[in-house]
Structure formats: C-alpha cells, structure tokens
Amino acid sequence: MTSRREKFLIAKNAIANLVRGGASALVAVLLPSFLTRSMSTEAFGAWSLVLQLSAYVSYLDFGIQTAIARFVAHSSERGEAEHRDRIVSTAMACLASSACIGLLGLVLLSFFVPRLFPHLYGELLFSVRASVILVGGSLCIGLPASVFTGTFVGLQRNEVPAAIIGISRLLGGVLLVVVVRHHGTIPHMALVMALVNVGSYAAQYLAYRRLSESVAPPIRLSLRKVSKAAATELFDYCFSLTVWGLGILLVTGLDLTIVGIYSFGEVAYYSIAATVVTLLAGSFGAIFGAMGSTAAVIHARGDRAGLGKMVVGATRMGTVMLLTTGLPLIVFAHPLLRVWVDAQYAANGAILLQVLVAANIIRMTVTPYVLAMIGSGEQRRVILTPFLEGVSNLIFSVLLARSFGAIGVAAGTMIGSLVGLGGNLFYNMRRTTEIQMSISEYFFSALLRPSLCFLPIGLAAAVWRFLPPNLIAVRFACGAIATAISLGMLWRFALQPEERTKLIATIRGRLGREIAPS
C-alpha cells in the first residue's frame, strides 16, 4: 500500500508540476490573446509553424529523461549509487549525440521548408527558415540538459525544475510581448526565445551541481562512468518509450504541419485550438506526472496490488477532472474563444476546438495507467498500441485534410484517440503483469461511472440549443439544476465509500483547525 510519506511526495511533486504547468498555462493563455491582435493571420500562422517544427528536436530525447527519473528513483530506493551514476553519465553522452543529430536535422529541414510549404513566400519564408534554426538550436542544447531535470524528478525534487522552467516561461512570454510591441520580426522573437531557453538550461545545471553534492552518496557525472552495459540497459528501457514518443509525434506533433501543407490559411486557427488542448493536457500531465517515480518505488517493493489500486483511483479522479474541465470547453467553445482571441479566430476555430478537446479527453483518461507502466518498466511489453494510434491518426488526418482541410485533421485525431483507448483496454492491460488490477473494475469504476455522471450537463447543453437567447433565467436554472444533479451523482456513484469518508474527514479536519480558538 502507499505510505503516508509517499502520498506526501506525490502531492508535493504534483503541486510543483502544477506550478510549472501554471506558469506555462499563463503564458499560453495571455500570449496568444496579444499576438492574434498584434500580428497578421499569416504571420501568426508562420510563428506557430516555427514552434511546431522546432519542437521536433525534443523527440530526439528518445524517452531518456523519463528513464533517468525511473532509474534514479529505483537505484536510490535500493541504495545502488554506482549503477545510478553509470546510468546518468551514459544518458548524458547519448543525449549529447542526439543534440548533434538534431542540429543536422534542423539544417536539412530549413532547406526543405519551401517545398513543404509552397504558400510561404518572401519575408515569411526567410523568417520561418531562420527562426527554426534559432529556436530548434536552443532546444538541441536542452537535450543533454534534460539529464538534470530527470535527476531532479527521480530524487522527487520536482520543485527545482518547476521553479526554473516556470520562471523562464514567464520571462519568455514577457520578452516576446516587448519584441512584438516594438515591431520586431519573427526572427527577433525566435532569438529571444532561444536566449531564454539557454538561460534556463544554465540555471538547471547550477541547481543540479548543488543538489548532486547534497545526496548521499553524491551523484557523479563522468565520461569514465559511461559504459556499454548502461547504454544497453537504457536502450532496452527506452526502445518502447521511443515507440511511444513516435506515437505521440504522429498524434499531436504533425497535425499543425499537415494543416500547413494542405491549408496554410487555417494554420493560425488550428494553432489556437491546439493551444487550448495542449493547456488541458499539460495541466493534467502536471498533476499526474509525479506518479511515475512513485510507481517505480512501489514496483521496487513488489507491491503489484498497491500499484493497481493506485492506477484505478488516479484514473477515476482523472476522468472526473478531464470531464469537468473539458465539457465547458466543448459546450462554450465559441464564446470562450471570442473572449480570448480575435473574433476571426473564434469563428473559425470553435469547431476545431470542440473536436480536439473531445478527442484528447478520450486519449488522456489512460494517462495514470501509462505512467504506472513506465514506472514499473512494463512499457516495453506494449509498444503496439501507441504505434497503431499514431499511424491511424496520421493516415486519417492526411486523407481527410486533402478534402476537408483543418477539420479533417481534427477528425483524424479523434479516430486515433479511439484506437488508442481500445488498444489499452483490449491489448495492453491483458499483457501487463506488474500492475495487478481488474480490467472490468478499471473500465466500469474508473471510466464509465464518472462519465455517466456528466450526462445531465450534456443533456442541458443540448436543451440550450433550442432555447431562445433572451431566456437567460431559464438557461441559468437549467444549467444549475443539471450541475447539481451531476455533482450529486459524482458523490454517490463515482467516488468509492472510502474516498467519500476520507474527503469528509479532511474537510472536517480543516474546518476544525480554522474554527479552533487561537
């Protein structure tokens, strides 16, 4: 079972991840609102393409950062300091090689930009080619620097990279606003982002040096500790993670590029919808990302039942969170976008947002299970599902984009998410052995029951479509009643009895402390 200390560490690291995600979310919310009103649609679309193309460098991580976190946590629990140092040192050497490959790839990519995006011309073409080199080059430097982040996470010190990355995101957002307000070009924006990225890597290195000396025994990075055995161990662990990464690339990493190839005029609108989805996924991942290291510790103890119980409980809570945040985005897509960005973006991006949010709610419900698989080393058994999800997403996105443009790409993402969910339920879970849980309990208790509790809100949203806009009081009453019914159903049917008991005890304890005499 999960101890009180482990629950504290999960909560602490989840809060740290949430703070880091909150900083990124703040930038993701405020910056597009400014940029869409300060840049032309073509320029904003070109900038979005720069960010998308540059981000491909991050896939050259090959899952090594996640592996470092897992091996550091596992080795620390077992007291295997020498093994830990060999893994970290070998990972650094591998990622330095990846950085060199990434730089070469960026040069080749910039060369092919005119052929990939024939609608780019003149100044926009030059801006995209130069900016991809600048932003992507800084991300190449970040590949070996991810060793520091992985070590922090493995030692369950998520607050360190969270603070550094969070501050750098905020600083980068402020500087981009300054550049645009002073009529800076896209390459100027790229230069600012590159400098902020490199600065954050330097800060992480300095923090890593202090932390590595405080650990007993200290962590030692050395070329002499690079070994073939550690490289083989990393390869064995990361091979399946690389397949997972390829699947993610095919699912979320190519969408904007495909839109740019077949319908460049819609890139800006798709980018706005994708930003909201990324914000939703990032917040969810920040909350549950701390599960990976904890799962590694529980797995090191051989507690398969405890790991399974953690997955079911986390999935149930995650499903509630996803639906609570996602359904309003679907129902009120247009008015929310209208408040956030320019009216032109809201009009063209609402339907894209609705489809993408629905698709990502489906695919993100299995996040706790995936993190537990990674923490327990089980991901190498189940590489088929992410590959099939990614391939199906790519094939349908390309086929539908030819005829329907951006909405076709969004529909391809929906099809891929259904393939992914089915693969996890009917293939992956039957093959994992280190996570002991009932698949039927997982489906009915963690996925279906919380989802059914939101039916009243869905029905209310359908009724609103037939009510005249001037019946504000009726609309409000309908929504309030539906929300109350859904909350009651969540309390009665979604939460387990022990979860309700713990929640009541927690509330009573806090209220008791607040009203106690000082």
Side-chain angles (χ1 to χ4, degrees), residues 25-53 117-125 127-128 131 173 176-186 188-190 193 252 254-281 326 328-360 397 400-414 461 464-465 469:
L26 186 63
V27 175
V29 169
L30 298 180
L31 191 58
S33 179
F34 172 77
L35 294 181
T36 57
R37 292 177 170 87
S38 304
M39 303 172 69
S40 66
T41 305
E42 293 78 11
F44 182 76
W47 173 244
S48 300
L49 271 182
V50 167
L51 298 181
Q52 180 69 83
L53 296 174
F117 309 103
H119 297 289
L120 285 174
Y121 54 88
E123 183 180 350
L124 276 184
L125 177 59
S127 296
V128 169
S131 300
L176 284 176
V177 169
V178 172
V179 169
V180 174
R181 283 185 63 88
H182 287 80
H183 309 290
T185 63
I186 293 177
H188 292 143
M189 297 168 66
M193 177 168 284
T252 61
L254 295 179
D255 281 9
L256 198 64
T257 303
I258 294 172
V259 175
I261 292 173
Y262 292 102
S263 183
F264 177 76
E266 295 184 283
V267 168
Y269 312 132
Y270 196 96
S271 174
I272 287 297
T275 297
V276 178
V277 173
T278 301
L279 178 62
L280 178 64
L329 292 174
I330 294 174
V331 175
F332 303 108
H334 185 271
L336 288 174
L337 286 178
R338 183 63 188 87
V339 171
W340 180 36
V341 292
D342 187 74
Q344 182 180 1
Y345 288 83
N348 291 279
I351 183 64
L352 297 173
L353 177 61
Q354 291 171 326
V355 176
L356 289 176
V357 168
N360 280 273
S397 293
L400 295 174
R402 291 175 177 270
S403 302
F404 303 103
I407 189 61
V409 178
T413 302
M414 172 65 78
W464 291 341
R465 292 181 177 272

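Small disclaimer: the values here were computed from a predicted structure and weren't measured.
- Pairing each heavy atom of Thr41 with each of Gln344, the nearest pair is OG1-OE1, 3.9 Å.
- Counting heavy atoms from C-beta outward, Met189 and Val50 have side chains that stay 4.5 Å or more apart.
- Between Leu51 and Met193, some side-chain heavy-atom pair lies under the 4.5 Å cut-off.
- Smallest separation of non-hydrogen atoms from Ala401 and Val409: CB-CG2, 3.6 Å.
- Shown are Asn348, Val259, Val355; of these, the side chain to side chain contact (heavy atoms under 4.5 Å, CB included) with Ile407 is made only by Val355.
- When the shell of 6.0 Å around CZ of Arg402 is examined, it contains 12 or fewer heavy atoms from other residues, nucleotides or ligands.
- Side-chain contact between Thr257 and Phe117: present, with at least one pair of heavy atoms (C-beta onward) separated by less than 4.5 Å.
- Contact between Leu124 and Ala46 at its shortest, heavy atoms only, is CD2-CB, 3.8 Å.
- Using a 4.5 Å heavy-atom threshold, the side chains of Phe34 and Leu176 count as separate.
- Between the CG atom in Leu353 and the NE2 atom in His334 there is a gap of 11.5 Å [rounded to 0.5 Å].
- Ile351 is listed as a side-chain neighbour of Gln354, based on a closest heavy-atom distance under 4.5 Å.
- For the pair Val357 and Val277, the minimum side-chain heavy-atom distance is below 4.5 Å.
- Here OG of Ser48 is found 10.5 Å from CG of Leu53. Values are rounded to the nearest 0.5 Å.
- Aromatic ring orientation, Tyr345 versus Tyr269: perpendicular (interplanar angle above 60°, classes split at 30° and 60°).
- Looking at every heavy atom in both residues, Met39 comes nearest to Val180 through CG-CG1, 4.4 Å.
- To the nearest 0.5 Å, the span separating OG on Ser397 from CE on Met414 amounts to 12.0 Å.
- Scanning all heavy atoms of the two residues, the minimum distance from Gly173 to Leu31 falls at O-CD1, 3.9 Å.
- With a 4.5 Å cut-off on side-chain heavy atoms, Leu35 and Val341 do not count as touching.
- Inter-residue side-chain proximity for Trp340 and Ile272 is flagged as met; some heavy-atom pair is nearer than 4.5 Å.
- Side chain of Ser271 to backbone of Val267: no donor-acceptor contact under 3.5 angstrom is found.
- Contact between Ala343 and Arg338 at its shortest, heavy atoms only, is CB-NE, 3.3 Å.
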